[in-house]
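For reference, the structure discussed in these notes is given below.
Count residues from 1 along the sequence. Atoms within a ligand are numbered from 1 in the order they appear, just like the ligands themselves.
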Amino acid sequence: MSNFYETMLNNKLGRKLLKGVGLPTPIELRRYDPSQPRFFAGNILLGASLNAQLLDDTLRNLSASHANVYFPANAQSASLILKTADKHGIKAVGIECSKDMSQKFDALLFDGSGLNDATDLNQLYTFFNPVMRKLNNNGRVILMGRPPLEVKTGEQAAAMRALEGFSRSIAKEIGKKSATAQALYVANKAEANMDSALRFLLSAKSAYVDGQVIHVRPADVIEYPDWHKPLQGKVALVTGAARGIGEAIARTLARDGATVLGLDIPPAEVDLKRVMSDIQGQMLLADIASPDAPALIANTLKEMGGADIIVHNAGITRDKTLANMPEHWWQMTIDINLAAEERINHVLFNDNILNPNSRIICVSSMNGIAGQVGQTNYAASKAGVIGYVQYMGPKLLKKGITINAVAPGFIETAMTDAIPFMTREVGRRLNSLSQGGKPVDVAETIAFFANPASSGVSGNVVRVCGQSLVGA
Ligand code: NAD
């Protein structure tokens, strides 16, 4: 806990003072703990719409966790839940859900794939209303459904899209408990591809991901690897790995078993060396925007046996209002943050450097979605990253490659520590979780995209922002 606000929170008088001036006191987010053997442990209340189609694979996943599964005993889907749980060796317990019940839950999971129209949305109210106050701190709410644009009728599309608005609103209501809510859309025939997304969202690894939507598409099914070493045997390139978010990405991918090639500019040599020697990685000093960088990267990765994971993290800001911005600031920001990534990918594709089932992950930004004064260059580059990922996502998926982006919000780094106190406190707490994220939160989301089992996750943009009110 490094900042003034957190120091205040840590003593009784400080908390009283903060409360007195109306500042929320956030509950510390529970993050990944290697001593927890499975992705989830605790009580889950499972609900399902009539004719729900994702229960089988949901319960298959829960059978790999330490979840105690409950379901509303009087729900119309109760017998289906019981039967499917039984099939997966889970002793699901029917429970009378009421506002007076003493039972608490660590996750509320609802399979809404069977919702057909607006009248069916009542099933959401019936499931969630009695139990909204029964969610523990750091709890999880997940709404599952079919992609709205891939269903058979307009009414069904409306019901599916409703899941998104519903989950985003729940996220805002439970944020004060440091609990999160998301929507997970699983396409037809992609049921067996949902494992990595469901496990990530239920786990502590998604601590600062809130109010997000993830799409899973049909792809070759790759069995979920070891929870603690999912990237064992993989080679990963991380650009901008010497410090900040890039350093956290390199450390997290290495923690998960990958061999990391960390790249940064020559002036960052000392820091890059420190990080790479800590994680037994390899280092490459290069400016990603230089003309020879793509070939240099491709050759180095070739010598390492090809690449499985490419993380385009290196980025810069050159902030000035457009009227005052020198042209070279415009050009270098677009070039480093966007064009260099495209040029590198071109060479990686053309020279066949990417191994089968490889993963590309780009780092966008919340400001690329919302826009920001003084950041026309930066926001254009980061929005460009989103356009690239959304276009390439489905196309690369046909070749067994996935591409996704993370869009970080307020992440505690040396950069944000330097922001003046009041501006920083506002930026830090203008989100549903009332706190800033950590570089590791961005890294965990990147590791989820990089997971071999994320074979059907492509073209997604996930904000790691605690459901920031900016650009929401
Ligand atoms: P940072 O400035 O701390 O680190 C960026 C790293 O990239 C540095 O090590 C730098 O030397 C390297 N780099 C810059 N230009 C390079 C080039 N041409 N070639 C090779 N390496 C280069 O920044 P950070 O806060 O860790 O941000 C990392 C990424 O996350 C960036 O893309 C940034 O735009 C994005 N981001 C950060 C935040 C945040 O809150 N920190 C929010 C949104 C998005």
Exercise for the section: Check whether any N or O atom of Phe410, backbone or side chain, sits under 3.5 Å from an N or O atom of ligand 1, and answer yes or no. Expected result: no
Practice task
Please indicate whether Lys302 has more than 12 foreign heavy atoms, meaning atoms of other residues, nucleotides or ligands, lying under 6.0 Å from its NZ.
Solution key: no
Exercise for the section: Report the residue from Arg428, Arg424, Lys438 that forms a salt bridge (Lys or Arg N to Asp or Glu O under 4.0 Å) with Glu412. Expected result: Arg428
Fill in the blank from the handout: protein heavy-atom neighbour closest to atom 4 (O) of ligand 1 works out as Arg243 NE, 3.5 Å
Handout entry: Closest protein heavy atom to atom 33 (C) of ligand 1, given as residue, atom name and distance to 0.1 Å
Key = Tyr378 OH, 3.5 Å
Exercise for the section: Report the nearest protein non-hydrogen atom to atom 7 (O) of ligand 1: residue, atom name, distance rounded to 0.1 Å. Expected result: Gly240 CA, 3.3 Å
Practice task
Validate the cation-pi geometry between Arg199 and Phe40: distance from NZ or CZ to the six-membered ring centre under 6.0 Å, angle to the ring axis within 45°.
Solution key: no
Fill in the blank from the handout: With heavy atoms and a 4.0 Å threshold, my read on which part of Ser364 contacts ligand 1 is backbone
Handout entry: Ser206 (side chain) donor-acceptor with Leu202 (main chain) under 3.5 angstrom
Key = no
Completion exercise
With heavy atoms and a 4.0 Å threshold, my read on which part of Asn313 contacts ligand 1 is both
Practice task
Find out whether the Lys NZ or Arg CZ of Lys320 is both under 6.0 angstrom from the six-membered ring centre of Trp330 and within 45° of the ring's axis.
Solution key: no
Exercise for the section: Just need the protein heavy atom nearest to atom 19 (N) of ligand 1, so name the residue and atom and give the distance. Expected result: Ile288 N, 3.0 Å
Problem - Atoms in ligand 1 flagged as close to Gly244, the criterion being non-hydrogen separation under 4.0 Å - result: 26 (O)
Exercise for the section: Compute the ring centroids of Phe200 and Phe39, then answer whether they are less than 6.0 Å apart. Expected result: no
Practice task
Identify the residue among Ile214, Thr58, Val216 that makes a side chain to side chain contact (heavy atoms under 4.5 Å, CB included) with Leu198.
Solution key: Thr58
Practice task
Check whether any N or O atom of Thr416, backbone or side chain, sits under 3.5 Å from an N or O atom of ligand 1, and answer yes or no.
Solution key: no
Exercise for the section: Taking only heavy atoms of Ile265 into account, list the atoms of ligand 1 that are under 4.0 Å away from them. Expected result: 11 (O), 16 (C), 17 (C), 19 (N), 20 (C), 21 (N), 22 (C)
Exercise for the section: Provide, to 0.1 Å, the distance between atom 37 (C) of ligand 1 and the closest protein heavy atom, together with that atom's residue and name. Expected result: Ile245 CD1, 3.5 Å
Exercise for the section: Assess Thr239 for proximity to ligand 1: is some non-hydrogen atom of it under 4.0 Å away? Expected result: no
Practice task
Kindly confirm or rule out a cation-pi arrangement of Arg255 over Tyr32, judged by NZ or CZ under 6.0 Å from the six-membered ring centre and within 45° of its axis?
Solution key: yes
Handout entry: Taking atom 5 (C) of ligand 1 as the reference point, the nearest protein heavy atom with its distance
Key = Gly315 O, 4.0 Å
Exercise for the section: Ignoring hydrogens and angles, tell me if any N or O in the side chain of Asn313 forms a donor-acceptor pair with the backbone of Thr239 under 3.5 Å. Expected result: yes
Completion exercise
protein heavy-atom neighbour closest to atom 35 (C) of ligand 1 works out as Val363 CG1, 3.6 Å
Exercise for the section: Examine the side chains of Thr402 and Ser458 and answer whether a donor and an acceptor come within less than 3.5 Å of each other. Expected result: no
Handout entry: atom 23 (O) of ligand 1: any protein heavy atom closer than 4.0 Å
Key = no
Handout entry: Enumerated ligand 1 atoms positioned under 4.0 Å from heavy atoms of Leu263
Key = 20 (C)
Exercise for the section: Can you measure from CG (Leu54) to CZ (Phe110) and round to the nearest 0.5 angstrom? Expected result: 11.5 Å
Practice task
Check each heavy atom of Ala286 against ligand 1 and say whether those closer than 4.0 Å belong to the side chain, the backbone, both or neither.
Solution key: backbone
Practice task
May I ask you to identify, for Ile336, whether its side chain, its backbone, both or neither come under 4.0 Å of ligand 1 on a heavy-atom basis?
Solution key: side chain
Exercise for the section: Take every heavy atom of Gly409, measure it against each atom of ligand 1, and state whether any distance is under 4.0 Å. Expected result: yes
Practice task
Mark the output for Asp271 as yes if a heavy-atom distance to ligand 1 is under 4.0 Å, and as no if none is.
Solution key: no
Handout entry: salt bridge (Lys or Arg N to Asp or Glu O under 4.0 Å): pairs with one or both residues in residues 367-376, sequence neighbours excluded
Key = none
Practice task
Identify, by atom number and element, the atoms of ligand 1 in contact range of Ser365, meaning under 4.0 Å from any of its heavy atoms.
Solution key: 43 (C), 44 (C)
Problem - Nearest neighbour in protein (non-hydrogen) for atom 10 (C) of ligand 1 - result: Asp264 OD1, 3.4 Å
Problem - Euclidean distance, Ile44 CD1 relative to Leu108 CG, rounded to 0.5 Å - result: 9.0 Å
Practice task
Check each heavy atom of Ile316 against ligand 1 and say whether those closer than 4.0 Å belong to the side chain, the backbone, both or neither.
Solution key: side chain
Fill in the blank from the handout: Asp287 heavy atoms within 4.0 Å reach ligand 1 at atoms 17 (C), 18 (N), 19 (N)
Taking only distance into account, with no hydrogens and no angle test, what donor-acceptor pairs under 3.5 Å do side-chain atoms of residues 368-389 form with protein atoms, sequence neighbours excluded?
residue	atom	partner	partner atom	Å
Gln375	OE1	Asn367	ND2	2.8
Gln375	NE2	Asp319	OD1	3.3
Gln375	NE2	Asp319	OD2	3.1
Asn377	ND2	Arg318	O	2.8
Asn377	ND2	Thr333	OG1	3.2
Ser381	OG	Asn337	ND2	3.2
Ser381	OG	Tyr378	O	2.7
Lys382	NZ	Val363	O	2.9
Tyr388	OH	Asn345	ND2	3.1

Practice task
Could you see which bit of Lys382 sits under 4.0 Å from ligand 1, with heavy atoms only: side chain, backbone, both or neither?
Solution key: side chain
Practice task
Enter the distance from Gln390:CD to Asn460:CG here, rounded to the nearest 0.5 Å.
Solution key: 9.0 Å
